[in-house]
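Everything on this sheet refers to the single structure shown next.
Both ligands and their constituent atoms are indexed starting at 1 by order of listing. The basis for the numbers below is simple: all heavy atoms, side chains too, and nothing from hydrogens, waters or symmetry mates.
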Amino acid sequence: MLNTINIMIDGIETKVAKGTTILEAARDLDIHIPSLCYLKGVNHSSSCRVCVVEVGPRLIASCTLKAEEGMKIQTNTKKVREARKTSVELLLSDHDRECLSCSRSGGCELQTVSNDLNIRTVTYVGEKSNQEKDYTSPSIYRDASKCILCGRCVGACGTMQTVGAINFAKRGFDTVISTAFGRPLEESTCVNCGQCIMACPVGALTEHENINDVWNALENTSKYVVVQTAPAVRVALGEEFGLPVGTRVTGKMVAALRKLGFDKVFDTNFGADLTIMEEGTELISRLNSGQNLPLMTSCCPGWVKFMEHNFPDRLDNLSTCKSPHEMEGAMVKSYFAKKMGIDPKNIIVVSIMPCTAKKFEGAREELSNESMQDVDWVLTTRELAAMIKEAGIDFVNLKGEAFDSPIGEGSGAAVIFGATGGVAEAALRTVFEITSGKDLETIEYTAVRGMDGIKENVIELPNGQKIRTAVVHGLGNARKLMEAMERGEKTYEFIEVMACVGGCITGGGQPIVDARTSERIDIKAERAKAIYTEDEAQTVRKSHKNPYIKALYDEFLGTPNSHLAHELLHTHYVKRSKF
Ligand code: FES
C-alpha cells in the first residue's frame, strides 16, 4: 500500500491516502476542527490559523498540512484551543461587530466559530482599520469593514472564475481586498457573477439590495406590478426556510408572491421557451449561412460581460437573443400590455433570479424599448426570502398555487435552463423536431447533462447536418475553451456557457451554503436533480409545443426572428476594457 500512510489523530490510528491534509483526515474520522479561510478547491491560503493542531511541539494549520507517515496529531489541547481563540479574537478586534443588523447574521461563519470557541469577550482593543463601503456596482455591495481578509473571495474571483477583479493590496495593518488601482467595483472587470458573495464567510460581500424599491412599487396603487421567477429559484428558495437542499417549492413560491401583492405572477420559463424559438432559429440560419459560428449562448449575463472584457473580438459569435427574463419583460410591456389594455409606462416588471449579474443586466440601456427598461428590478432568491420573512408569511405551510397566464407558463425544456447543459438540451429538443418535421420520441439528451466542466458532443441532426457542441460551466472552464479555440485546437458550431459552476442553480443570488455543509452535501447535484424532476412533471416538454408561445407568434410576433421579434427580443454587445 505505497499510496497510503499511517497517522494517529487524538489517539486514533488511521490510514490515509498520500496527499491528504490533516483537516481532511480528521473530518473523515468525524473529528471537528474549526476552519474559516479554507474553502475546498477555492482557497487554501491558510491565513486565519483557526484550524491549528498540535504536531509534536508545533502548532500547524491543518487545512494545508499534508499527513506524513507516523505523524501524531492532537486537535484538542489547551494550547490548541488558546491559539484558535487568539486568532479569532484578533479577527473580531478589527471587525464591525454589528451582528444584529448584518445580512449574514445567523449564517456567518465567523459568528459560528466564535460561538463554537466560546468567545465571550474580545481582549484586544485598539485602532481599527477604517474601510470604505462600495455601493457602485448594481449587483454587488462591498462592506470592507466586515472583511476578515481570508481570501476566499479572491480565490473564487481569480482561481475559480479567472476574472481576477479583486485581490490583496497593501501590506500589514493596511492590507485590503481591492480592485485594480482601488477603482470602484462598477469600473472594474467584475462580471457580477456573485461567486465572491457565495465564498465570503461573513457579511463583507452581499448583493446590492433592491428590496425597498420593490416594496415601494407594490405600495404604489397607480402601478401594475408583474413578477417573474427563474427556474433555479424554485429548487433553492425552500432552503431559506429550513427545507432540505433540492426541495421543489414552485407552488408555495407562487402563493407567497401573490400574498406579497404582485398583480401577476409569471414564470420566466415562458421567456426561456421564447429564447429557444429565437435562438434555435438563429442557430439553423447560422448553420445554413456558415457565418458567425460557433453560436454561443447569451442568456448568462456574467458570461456576456466576461466576453465583452476578455474576448471583445468574438462578440459576433454571441447569440443576439436577449436572456429569457429580458424577453419576458419585453413581452409584458408590449404583447401583454396591449392584450390587457394597460399603458406599459404603468407596468413595473420585477424578476426573481438566482443571479446577481441579472441586476447589472436589467440596467443595461440596450435592454430597453421606447425608453422603458424591459425589466425594472431584479431580486435574488435571498432577497425574495427576506421579503417573505418581513411580510410574516408562513412559507413552509403555504398551499401551492399555479402561475398566471397568458405568458406565465413554460415547458419542461425551459425548466432545465437552470442547470448546466439545460439550454443546449432545450435547443436540441426543438431544433431536432424543426429540422426533421416530425415529433420525436427521445427528448432527453443526457450527453449534455452532468457536472464535467467541459462536455463535448457531436450531434447529428435528422437532415444529416453535424453540430459540434460544447457545454461549459464556470468561467475558468470557459476561458480554457476560448483559449483552445483561439489557438485553433478546437472547432464547434454551438457552445453553451454558464458563468457559475453547475449553472444557475449555484448562481451568486442563491441561498449561501457554509463551507462545512458544502463539503458534506453535493448542493449542485441535489438542486440539478430537482430541476430534472420538475421537467419530467410537465406535460409540455418542448418549447415549440408551448401553446402560449404558439399564440404569441400567431397573434403578435409573426415568426421567429421576424422584424418585430428582432426589435423586441434581440440585442447587441459592447467592447469593454481588459483592465
Ligand atoms: Fe486553516 Fe484558515 S488557516 S482554515
Under 4.0 Å from one or more heavy atoms of Cys63, ligand 1 contributes atoms 1 (Fe), 3 (S), 4 (S)

Please identify which atoms of ligand 1 are closer than 4.0 Å to at least one heavy atom of Tyr38. 4 (S)

Taking only heavy atoms of Cys51 into account, list the atoms of ligand 1 that are under 4.0 Å away from them. 1 (Fe), 3 (S), 4 (S)

In terms of the angle between their ring planes, are His208 and Tyr135 parallel, tilted or perpendicular, with boundaries placed at 30° and 60°? perpendicular

Within a distance under 4.0 Å of any heavy atom of Ser35, pick out the atoms of ligand 1 and give their elements. 4 (S)

Is the shortest side-chain heavy-atom distance between Met253 and Ile352 below 4.5 Å? no

Give a yes/no verdict on a cation-pi contact between Lys389 and Phe395, requiring under 6.0 Å between NZ or CZ and the six-membered ring centre and an angle within 45° of the axis. no

Going by heavy atoms in the side chains, are Tyr532 and Glu425 under 4.5 Å from each other? yes

Residue that, paired with Lys524, satisfies side chain to side chain contact (heavy atoms under 4.5 Å, CB included) out of Val501, Thr420, Val245: Val501

Check: Glu207 and Tyr141 side chains under 4.5 Å, non-hydrogen atoms: no

Where ligand 1 meets Cys48 - atom numbers and elements under 4.0 angstrom, heavy-atom basis: 2 (Fe), 3 (S), 4 (S)

Identify the protein heavy atom lying closest to atom 4 (S) of ligand 1, giving its residue, its atom name and the separation to 0.1 Å. Leu36 N, 3.4 Å

Below 4.0 angstrom from a heavy atom of Arg49, which ligand 1 atoms are there? Numbered from 1 as shown, please. 2 (Fe), 3 (S)

